[in-house]
Q: 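Below is a structure I'd like to ask you about.
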Number of protein chains: 2
Amino acid sequence: MSNLKEVAKKANVSITTVSRVINGSDKVNPKTSERVKKVMTMLDYQPNRVAQRLRTANGRSKLLGLIIPDIKNQFYSNIVRGIEDVAYGNDYAVILCNSDENPNKERFYLEVLKSESVDGIILPPILQFGEEIENIIKTGIPIICFDRKLGNKNVDTVVIDNEMGGYIATSHLIDKGHKQIAILTSSILFSSFSERQKGYERALKENGIEVDKRLIREGDPRSSDNAKLMTTKLINLDNPPTAIFATNNLMTLGAIEAINEQNLKIPEEISIIGFDDVSWAKAITPPLTVVKQPAYEMGLKAAELFFRKVEDKSSEPVEIVMEPSLIIRQSTASPPK
Amino acid sequence: MSNLKEVAKKANVSITTVSRVINGSDKVNPKTSERVKKVMTMLDYQPNRVAQRLRTANGRSKLLGLIIPDIKNQFYSNIVRGIEDVAYGNDYAVILCNSDENPNKERFYLEVLKSESVDGIILPPILQFGEEIENIIKTGIPIICFDRKLGNKNVDTVVIDNEMGGYIATSHLIDKGHKQIAILTSSILFSSFSERQKGYERALKENGIEVDKRLIREGDPRSSDNAKLMTTKLINLDNPPTAIFATNNLMTLGAIEAINEQNLKIPEEISIIGFDDVSWAKAITPPLTVVKQPAYEMGLKAAELFFRKVEDKSSEPVEIVMEPSLIIRQSTASPPK
DNA sequence: TTCATTAATGAAAACCTTTTCATTTTCTTA
DNA sequence: TAAGAAAATGAAAAGGTTTTCATTAATGAA
């Protein structure tokens, strides 16, 4: 691969001048510039980004680090698209890392990203109070959190109002006349789930419905099989729920499988409402009522926050809270008599 | 951030020695090594990967480039997981790029990856004969193709037997008694679709069924809406098909939506078979019969081919062809009288 | 024409490593 | 104890850029 030196030689200028042409910085004689450019295309020269980064660093690597828990989860892949679209529009490439909700992987990737001197890192933090994040912040690499907040730290964040999401979903079911509403949720991992649960409980209380511990099931939100199991148990309860609120899309999937397997009719015999407006929500029968998270838009916003930081290192961190919305389809109806 | 120099100073050795400790190469006195290591953790020193790469390059960047057409497509995200799992197991980070089936984006990312001097690039090539790929090959960066072949080039490849996939799907429908089988396919983009179509036509011919042009619909395989439209038209034909074979998961989604919208019962009134065993295949009613591509395994294989190349630069390129398999669920049945 | 100013260019340092080659130290063996 | 070999270490170059500072060339004013 050709380098500055070769180009400089062929164009009869110093490497400094070539560098200037590349960066369009300082003034260089139009004629010289022309000549240099010609040579560059002739040798099809591409600046070596590694060398550029080594010399420059500090926010001009055109590289954005992105850590997500699970690429297979549509919610996250939508976010990735949002981020990627903005990044590409700004000539940035994205290093995408899959953390698997595994702190060790997150740690590994944080180290890698730091030592690759990316211009910023976007992630839903798992390691809440670890020194890893602390270290990154110290280096001055901007961090943007999405989906989850970073406990005590003062960083840019874009989240959804999860409590509201839980409230909306549950209220809708209550409006339909349900009183025995189960929730598939999770205590492990993060606040998102417990907040959705909080919204669920608030809706119940506001409507004078007692919270029934039996109907609150906690499991691994990454496993639809787990949700399937939980749902099967719920259905076989003595006094089973007439509606189920699944707090993420994988759990929704498992719940639906269980219901089908038990030969219950949706929504006549049991109602179900999901979280995340996944691609297949419209395709199933009956089409699925969901609380939609504006995933793609969250991605856009997160990326915008990042570029805002790139523009102005000293900009004050902000927290953007996005609103979930209810999309009513046909998987929710009045409870059976 | 601390660097070699600081560590060397604090440990009272030269930076050469520190480097040696890091790389565990050459021999260095165990005592010295101990001391250096202590200092490294004390200053929590991390080697600067950018500098390492600049100096070293040539296959030791521990960085793997991955270009995929659409992160939102489950088929690809499964592959990504396969690749990522192997990569992480080998201490490699993955730069994931989303090409959107857009040649310009692919070009951009190829340039970026090249100039980041990644150790290898895994991709389903769009640019068949462009000089971009040629350029990469010239630099000696290993290229692994998956899902699609790289026309004339002699590179490692892992693909699925698409013709076989089309054949399996169609044969299954014929076995059920169908004679009017529509196919949703694509002529744009790549051979995968035309090969699936070839298998479809072979199955028909072998069973003495004439290929009916009316039933072959070509559209954009990235858009389920497009497939929905095509399906609606098919259903409203004078002599409509009794079964539909959708050649990828997005098209399957669109087809199902159309069928539901037209109030046809699956499989009593119309059968449908999809391509790709997506997460929601089991959750819909009735559960979807599909031709499964071993996506995750393809990812594993592709990554393995890459690491094989890393181990031995001169290893001969191979082409791995994986077998699709039929997963029979309940969306296919005998045609109505 | 001459001096002052501005425009254009270049030399060399810096970024942080790895690696080659040379030097010093330690250990063997005669 | 000396000489030779092996082990341990270090100095300096290299990798491809950007950037600072210095220098040369061109322009304008007096």
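Letters A, B, ... mirror the listed sequences (proteins, then strands); counts begin at 1.
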Q: Quick one: is A:Gln52 getting a side-chain N or O under 4.0 Å of the D:dG16 phosphate, OP1 or OP2?
A: no
Q: Output yes when B:Arg222 and B:Asp100 qualify as a salt bridge under the 4.0 Å nitrogen-oxygen rule, no when they do not.
A: no
Q: When you check the phosphate oxygens OP1 and OP2 of C:dT18, does a side-chain N or O of B:Thr56 lie under 4.0 Å from one of them?
A: no
Q: Looking only at side-chain N and O atoms, does A:Asn3 come under 4.0 Å of OP1 or OP2 in D:dG16?
A: yes
Q: Base, sugar-phosphate alone, or nothing: which one does B:Val13 contact when heavy atoms must sit under 4.0 Å apart?
A: sugar-phosphate
Q: Between C1' on C:dT17 and CD on B:Glu6, what's the gap in Å once rounded to a whole number?
A: 15 Å
Q: Is it true that a side-chain atom of A:Asp119 and a backbone atom of A:Ser61 form a donor plus acceptor pair closer than 3.5 Å?
A: yes
Q: Rounded to the Å, how far apart are B:Lys27 NZ and D:dA7 P?
A: 5 Å
Q: Any donor and acceptor pair, going by atom type alone, linking the side chain of A:Arg53 with main-chain N or O of A:Glu116 inside 3.5 Å?
A: yes
Q: For the side chain of A:Thr16 and the base of C:dA11, is some donor closer than 3.5 Å to an acceptor across the two?
A: yes
Q: Round to the nearest Å and state the distance from B:Leu54 atom CG to D:dG15 atom C1'.
A: 4 Å
Q: A:Ile15 has a side chain; which of D:dA8, C:dC16, D:dT18 sits nearest to it?
A: D:dT18
Q: Between P on C:dC15 and CG on A:Leu4, what's the gap in Å once rounded to a whole number?
A: 19 Å
Q: Heavy-atom nearest nucleotide on DNA chain D for A:Ala51 versus B:Asn12: which residue maps closer to 5'?
A: B:Asn12
Q: D:dT17 P sits how many Å from A:Lys62 NZ, rounded?
A: 17 Å
Q: Once the angle between the rings of A:Tyr88 and B:Phe108 is folded into 0 to 90°, is it parallel (under 30°), tilted (30 to 60°) or perpendicular (over 60°)?
A: perpendicular
Q: Give a yes/no answer on whether the side chain of B:Ser19 brings an N or O atom under 4.0 Å of OP1 or OP2 in C:dT18.
A: yes
Q: For the side chain of A:Arg20 and the base of C:dG10, is some donor closer than 3.5 Å to an acceptor across the two?
A: yes
Q: In whole Å, what is the span from the CG atom of B:Leu43 to the P atom of C:dC16?
A: 14 Å
Q: For the side chain of A:Asn48, counting heavy atoms from C-beta on, which of C:dT17, D:dT17, C:dA11 is nearest?
A: D:dT17
Q: Is the shortest distance from a Lys or Arg side-chain nitrogen in A:Lys105 or B:Glu84 to a carboxylate oxygen in the other one below 4.0 Å?
A: yes
Q: Regarding D:dA8, can its base be found pairing with the side chain of B:Thr32 as donor and acceptor, where the two atoms are less than 3.5 Å apart?
A: no
Q: Give a yes/no on whether any side-chain N or O of B:Thr17 is located under 4.0 angstrom from OP1 or OP2 of D:dT9.
A: no
Q: Can you measure A:Lys9 atom NZ to D:dG16 atom C1' for me and round it to whole angstrom units?
A: 16 Å
Q: It should be established whether B:Tyr45 places a side-chain nitrogen or oxygen under 4.0 Å from OP1 or OP2 of nucleotide C:dC16.
A: no
Q: Once you round it to whole Å, what is the distance between P of C:dT18 and CZ of B:Arg55?
A: 9 Å
Q: Check whether more than 12 heavy atoms from other residues, nucleotides or ligands sit under 6.0 Å from atom NZ of A:Lys31, and answer yes or no.
A: no
Q: Would you say B:Asn29 places a side-chain N or O within less than 4.0 Å of OP1 or OP2 belonging to D:dA7?
A: no
